[in-house]
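The structure presented is a predicted model; accordingly, all values stated were derived computationally and were not measured.
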Amino acid sequence: MISACSKSSDPITAMPIPSDSTAFPNHLMFEKDGHGSLNGWAFHPAIIGDTANFEVDTPPTGGTWSLKLHKADTPHGSNNVTRTFTNISSGIYELSSWMKIKYLLPAGTSPEGSISIIKSSNGVSYTKTTTSGDSIVWHQVNLLDTLVLLPSDSLTIMLAAGASDTAAHGNPMWFDDVTFRKVK
């Protein structure tokens, strides 16, 4: 169930998945009909005016377009995209994404970007995150999480570009070929 999202202001819509499903968007690319597209992801700008962009630059897995997010110009915010799922059974889940950044970071600076799995249960959120690493070439980042889920819980996957610091202002991050799957 992948649906196109034409505007970054579109609301987040939970994507229903059967509780016995082991299939999620596999190899989700940020393109549709030959154009860059959020394909059902919701963009969340850190400040007014921030944008999600698409570039003709992709990992070795193929495709034409990738998602380019800029670091936020705020110390505690990030430009990010999310996708939410409901009606999912408990198990071990894997989120992976191909990523790269424009500039290498000096030692000791804040992490560039991240991928996250966010479980929401009864108004409380639990987040598992891994940072992107410091690479100007496409590389795959994986995140495993064991989740005990109630029928009323939801899962959100998030790709985030990170917050700004003085050493890496404006350092964009690219994401593509995102997979989210139940491993066991």
task = Decide yes or no on side chain to side chain contact (heavy atoms under 4.5 Å, CB included) for H139 and V141, but give the supporting numbers first.
result = CA-CA 7 Å; H139 62 286; V141 175; 3.6 Å; yes
key: From CD1 (I136) to CD1 (I101), nearest 0.5 Å   = 8.0 Å
remark   = Between H70 and N79 the two heavy atoms that sit nearest each other are O-ND2, 2.9 Å
query = Under the 3.5 angstrom rule, does the side chain of S90 hit a backbone N or O of L149 as a donor-acceptor pair?
reply = yes
query = For F43 and D50, which heavy atoms make the closest approach, and how far apart are they?
reply = CE2-O, 3.5 Å
note = Going by chain and number, the hydrophobic cluster around V124 (ILVMFWY, side chain to side chain under 4.5 Å) further includes Y126
query = Can you name the nearest heavy-atom pair linking T61 to W98, along with the distance?
reply = CG2-NE1, 3.6 Å
request  = Any chance you could pull the hydrophobic cluster mates of L150, using side-chain heavy atoms under 4.5 angstrom and chaining through other members?
outcome  = none
Evaluation steps, side-chain hydrogen bond (donor to acceptor under 3.5 Å, both in side chains), between S154 and T86 = CA-CA 5 Å; S154 66; T86 58; over 6 Å; no
query = Considering only heavy atoms from C-beta outward, does the side chain of L143 approach that of I117 to under 4.5 Å?
reply = yes
inquiry  = What I'd like to find out is whether the side chain of L67 reaches to under 4.5 Å of the side chain of V81, using heavy atoms alone.
reply    = yes
inquiry  = I'd like to know if the side chain of Q140 and the backbone of S97 have a donor-acceptor N/O pair within less than 3.5 Å.
reply    = no
query = Looking only at atom types and distance, does a side-chain atom of R83 sit under 3.5 Å from a main-chain N or O of L155, one as donor and one as acceptor?
reply = no
ask   = Is the F180 to Y93 ring centre distance short of 6.0 Å?
value = yes
message = For the residue pair T156 / T84, report whether a side-chain donor-acceptor contact shorter than 3.5 Å exists.
response = yes
inquiry  = How close do M173 and G113 get, counting heavy atoms only, and between which atoms?
reply    = SD-CA, 3.5 Å
task = Give me the one residue out of F54, F30, F175, W174 that meets side chain to side chain contact (heavy atoms under 4.5 Å, CB included) with S66.
result = W174
task = Specify the closest pair of heavy atoms between N80 and L69, including all atoms of both residues, with the distance to one decimal.
result = CA-CD1, 4.0 Å
request  = Please step through side-chain hydrogen bond (donor to acceptor under 3.5 Å, both in side chains) for the pair K182 and S89, ending with a clear verdict.
outcome  = CA-CA 9 Å; K182 186 175 183 180; S89 61; 2.5 Å; yes
inquiry  = Filter on salt bridge (charged side-chain N to carboxylate O under 4.0 Å, His left out), then keep only pairs touching residues 142-158, sequence neighbours left out; what's left?
reply    = none
Smallest separation among heavy atoms of L144 and K128, with atom names = O-NZ, 2.8 Å
key: Donor-acceptor contact present, side-chain T51 to main-chain N53, <3.5 Å   = no
query = Short question: side chain of W138, backbone of T58 - any donor-acceptor pair under 3.5 Å?
reply = yes
ask   = Going hydrophobic residue to hydrophobic residue with side-chain gaps under 4.5 angstrom, can you get from I118 over to L95?
value = no
query = With clusters built from Ile, Leu, Val, Met, Phe, Trp and Tyr whose side-chain heavy atoms come within less than 4.5 Å, directly or transitively, what are the remaining members of the cluster of V148, listed by chain and number?
reply = none
message = Quick test of your reading: applying salt bridge (charged side-chain N to carboxylate O under 4.0 Å, His left out), list the pairs with at least one residue in residues 86-96, sequence neighbours left out, ordered by first then second residue.
response = E94-R181
ask   = Given I157 and T82, is the side chain to side chain contact (heavy atoms under 4.5 Å, CB included) satisfied, shown in steps?
value = CA-CA 6 Å; I157 54 178; T82 60; over 6 Å; no
remark   = Those residues at least two apart in sequence (or on a different chain) that pass salt bridge (Lys or Arg N to Asp or Glu O under 4.0 Å) with K100 are D57
key: Verdict with reasoning, V178 to L159, per side chain to side chain contact (heavy atoms under 4.5 Å, CB included)   = CA-CA 9 Å; V178 178; L159 314 175; 3.8 Å; yes
request  = Would you check, one step at a time, whether the test side-chain hydrogen bond (donor to acceptor under 3.5 Å, both in side chains) holds for T131 with S114?
outcome  = CA-CA 4 Å; T131 57; S114 62; over 6 Å; no
